[in-house]
Each structure stands twice: as structure tokens, then as C-alpha cells.
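All values reported here derive from a predicted model rather than from experimental measurement. Letters go in sequence order (proteins before strands), and every chain restarts at 1.
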2 protein chains.
Amino acid sequence: MKRESIIRAFEEFLKGRGLKLTSQRRRIFERAFATHEHFSAEALVGWLQAEAGPRASRATVYRTLGLLVDGKFLSALDAEKGELVYEHVLGHTHHDHMLCLECGKIEEFHDERIEELQLAACRKKGFELVSHDLRLRGYCRGCARKRSLSSSARDR
Amino acid sequence: MKRESIIRAFEEFLKGRGLKLTSQRRRIFERAFATHEHFSAEALVGWLQAEAGPRASRATVYRTLGLLVDGKFLSALDAEKGELVYEHVLGHTHHDHMLCLECGKIEEFHDERIEELQLAACRKKGFELVSHDLRLRGYCRGCARKRSLSSSARDR
DNA sequence: CTAAGTGCAAACATTTTGCAATCCA
DNA sequence: TGGATTGCAAAATGTTTGCACTTAG
């Protein structure tokens, strides 16, 4: 989805809820979509302070992030580091996450068969599924290699 | 696993780490295993205050819960209600959770095929899996029924 | 004895909120 | 114009921590 149309989608969303498009909201929105990594609210606050443009307070950043999550522009993920991180939803397909316990890297993966088995489990329990999240905790390829090297050195 | 042997396991665990079995730890441990529901740290603090026995401060409760999680006696679950809830590990097999958005009920389920697909996904990415958690958010059977009744009444 | 544990209150860290001033539509 | 929005600082919240005193082993 192109920058222009995605901003328009945000305007529509605001209009639909009787909300206004302020310079702060526009800037927060654009900065959030200029990153293609996961980012925290504090990181975003920092970027906005460091870079030129209409200033936006921490409170407004938090409020706007909430709005963007409500509008399904972003989704919040608890990567277990004491703060939520955000990722784009618009223009991205659903996926789950692998969290590296060593370096903190977040990898994404998707397996349709897992999704189907989840639905089957819900059907069996009469549970009406709204959303889910699956987080795999462990060591990414790079960190796993380093760990196995240093443990074999230790054992020698 | 019987009460007696599980307490012994706790003693062993403490001894192995050079820690002491105090009256507070014993009481917290026993109270935690006397419940077969998920419970929060605050709930446990409340029970200990309300019921007779050696008193234990909030700080000690939190510290001991941490210990019990380290020792794999309990596991902590973020049920997205602003506080962690704990459940027994000893004597229970691994399972995942369904969280009811309406009543807060936590249901458990397990599907070995999902576990296998997770492992397969990790192999593919070179990710060394340590643990995982899968949370399905939605409406439990009872709440789903109520919701569909009231929405059809509204539409009429 | 003495390392470990406890209680207390203060500290923490992230996020939320009340309110007066300001700004869009 | 008037409801929506903002910034600020204070509040909220669940959990952790420093420290002086106590206790298990």
C-alpha cells in the first residue's frame, strides 16, 4: 500500500469517528510508517524529538498509537522486554513471532496449518476466536551458534 | 503429585541453591498449591492476610513466586488483565490458553500437532526453541451464546 | 555465628489521565 | 464557534529493590 493511500485511509478513519487530523497525528503516523522495524512508543518519542517537524508530546504519541491500533493500522506486540512494540498491519499479512532471548531480535513466521488447528481447537470448545498470538521464545540462528560454540569451549 | 512429595521437591530445590525454607516460603508455597485455579500475586497476598498462619509481606510473596517460577513449580501467564497469573506446573502437562474477552475465563487446550508444526517452523529458521506460548483471544461458549442472543435481539 | 530472608516504604517503568490552554473543521 | 486535541505534570499500577533487622541452619 502506497504512502498516499495509507494516509488517506487514516484520514477516513478519523473522519468516521468524528476526530481531527492534527499536525501531531499526521507526523506520528508518518514516522511510524517510515520505519519497517518493530518500534516502541519511547523510540518513536525519541525520533520525533530528534528529527525536525511539528513537536508531539509523549502523551500524544501514546494516545495516537492507541488510535492506530484501534484502527488496525498498527498492532502492538508484547516482546517481553517491559514495553510494547508496534508493527504495521496495513499491507502486511498475519504472522506469528519468534523472540530471541539473547539479542532481542523478532522474527516472523506463518504456518496456515497452525491457524487451522487453532480454529479446530476453538470449535471443539465452543470458543469464538477473535485473535490469537503465538510467541516462540529461544535463540535465533546467529545466537544459537555462538552459544553452542562457547559451551563446547567451556566443556573442553 | 502428592502434597508431601511436592513440598519435599521444594525443599530440595532450595537446598540445591543454598536457600532456606522459612515459614513464609512454606506458607506461600502451600497456599499456592491449595488453589487449582489461576491466581494473581495480589490474590495470594489477600488470602494470606485473610487466613490464619505466619504472615508474609507483599514483597516476600512476589519474591517467592519468582522463585517458584524459576524452579518450575509454577508458571506465569500474562492473561492481558494488567497482572500476571500463576498456574501449577508440577503434575500438569503443557497446554496453551484461550482467554475469554468477556468474562475473563481462562481455558486450557493442547494439540500436539501444533507443537510439531512450531518445531518445524523453528528448524526452518534455524531458531533454537526454548519455550512458547499461544494465546487465543475470543469468547467462551457461554459468553458467545449471550452475545449472539443480544445482537439478534438488537437487530430485530 | 552468619549468610540468607523479611518487612517496610520508597523506587521503578511504562502508560494513562485531569485539566487549562489551543486548535481544527 | 465549540468540541476535539494538546502538553504538562501528576497519577496509576504491578512489581522490584535498598536497607536495617531477624532468622534458619
Side-chain angles (χ1 to χ4, degrees), chain A residues 7-8 10-32 38-49 53-71 74-86 104, chain B residues 7-8 10-32 38-49 53-71 74-86 104:
Chain A
I7 289 220
R8 206 146 319 124
F10 184 41
E11 288 189 67
E12 285 311 308
F13 168 74
L14 292 174
K15 194 171 300 175
R17 315 229 310 197
L19 304 178
K20 297 170 179 173
L21 179 59
T22 61
S23 59
Q24 289 84 350
R25 284 181 180 159
R26 165 165 247 126
R27 180 154 189 237
I28 291 166
F29 181 87
E30 298 209 313
R31 192 58 185 81
H38 295 84
F39 62 92
S40 66
E42 285 305 314
L44 183 47
V45 168
W47 297 333
L48 295 178
Q49 278 170 358
R55 68 183 300 286
S57 68
R58 167 170 283 100
T60 296
V61 170
Y62 276 95
R63 283 188 280 233
T64 304
L65 284 172
L67 221 42
L68 293 175
V69 169
D70 278 2
L74 296 178
S75 73
L77 165 69
D78 178 3
E80 307 189 334
K81 317 198 35 145
E83 59 183 5
L84 296 177
V85 295
Y86 296 85
Chain B
I7 287 221
R8 207 149 316 125
F10 185 41
E11 287 188 67
E12 285 311 307
F13 168 74
L14 292 173
K15 196 171 298 174
R17 316 230 306 198
L19 304 177
K20 298 169 180 175
L21 179 58
T22 61
S23 59
Q24 288 84 350
R25 285 182 180 159
R26 165 165 246 125
R27 181 155 189 237
I28 290 166
F29 181 88
E30 299 210 312
R31 192 58 185 83
H38 295 83
F39 62 92
S40 66
E42 286 304 317
L44 182 47
V45 167
W47 296 334
L48 295 177
Q49 279 170 357
R55 68 183 299 285
S57 69
R58 165 171 284 103
T60 296
V61 169
Y62 275 96
R63 284 189 278 234
T64 303
L65 285 172
L67 222 43
L68 292 175
V69 170
D70 279 1
L74 296 179
S75 73
L77 166 69
D78 177 2
E80 308 188 333
K81 315 196 36 140
E83 62 184 3
L84 297 176
V85 295
Y86 296 86

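- Summarising the geometry, the separation between CG on B:L21 and P on C:dG5 is reported as 10 Å, rounded to the nearest angstrom.
- Here C:dA9 is the nucleotide among C:dA9, D:dG7, D:dT15 with the atom lying nearest to any side-chain atom of B:A59.
- Atom-to-atom, CZ of B:F39 to C1' of D:dG14 comes out at 16 Å; the value is rounded to the nearest Å.
- In the interface, the side chain of A:R63 is paired with the base of D:dG7 through a donor and an acceptor atom under 3.5 Å apart.
- Within the structure, every side-chain polar atom (N or O) of A:R17 is placed at least 4.0 Å from both OP1 and OP2 of D:dG3.
- Between B:R58 and B:E42, the closest side-chain pair of non-hydrogen atoms falls below 4.5 Å.
- Aromatic ring orientation, B:F29 versus B:F10: parallel (interplanar angle below 30°, classes split at 30° and 60°).
- Going from atom OH of A:Y62 over to atom C1' of D:dT5 covers 19 Å, rounded to whole Å.
- Between A:T22 and D:dT6 there is a side-chain N or O to OP1 or OP2 distance below 4.0 Å.
- Rounded to whole Å, atom C1' of D:dG14 lies 17 Å from atom CD of A:E83.
- Across all strands, B:R25 comes closer than 4.0 Å only to sugar-phosphate atoms, never to a base (heavy-atom distances).
- Taking atom CG of residue A:L48 and atom P of nucleotide D:dT6, one finds them 12 Å apart after rounding to whole Å.
- Closest to the B:L19 side chain, of the nucleotides C:dC24, C:dA4, D:dT6, is C:dA4.
- When all heavy atoms are compared, the tightest approach of B:A56 to B:I28 is CB-CD1, 4.0 Å.
- Spacing between atom OH of B:Y86 and atom C1' of D:dG14 amounts to 10 Å, rounded to whole angstrom units.
- Across all strands, B:G18 comes closer than 4.0 Å only to sugar-phosphate atoms, never to a base (heavy-atom distances).
- Rounding to whole angstrom units, CZ of residue A:R27 and P of D:dT5 are separated by 19 Å.
- Comparing A:T64 and B:E42, the nucleotide of DNA chain D nearest to each residue sits closer to the 5' end for A:T64.
- Across the protein-nucleic acid pair, B:Q24 atom CD and C:dA4 atom C1' stand 12 Å apart, rounded to whole Å.
- Remark: B:S57 is not in phosphate contact with C:dT6, judged by side-chain N or O atoms under 4.0 Å from OP1 or OP2.
- In this structure the side chain of B:R27 never reaches within 4.5 angstrom of the side chain of B:T22, judged on heavy atoms.
- The shortest heavy-atom contact between B:Y86 and B:A76 is CE2-CB, 3.8 Å.
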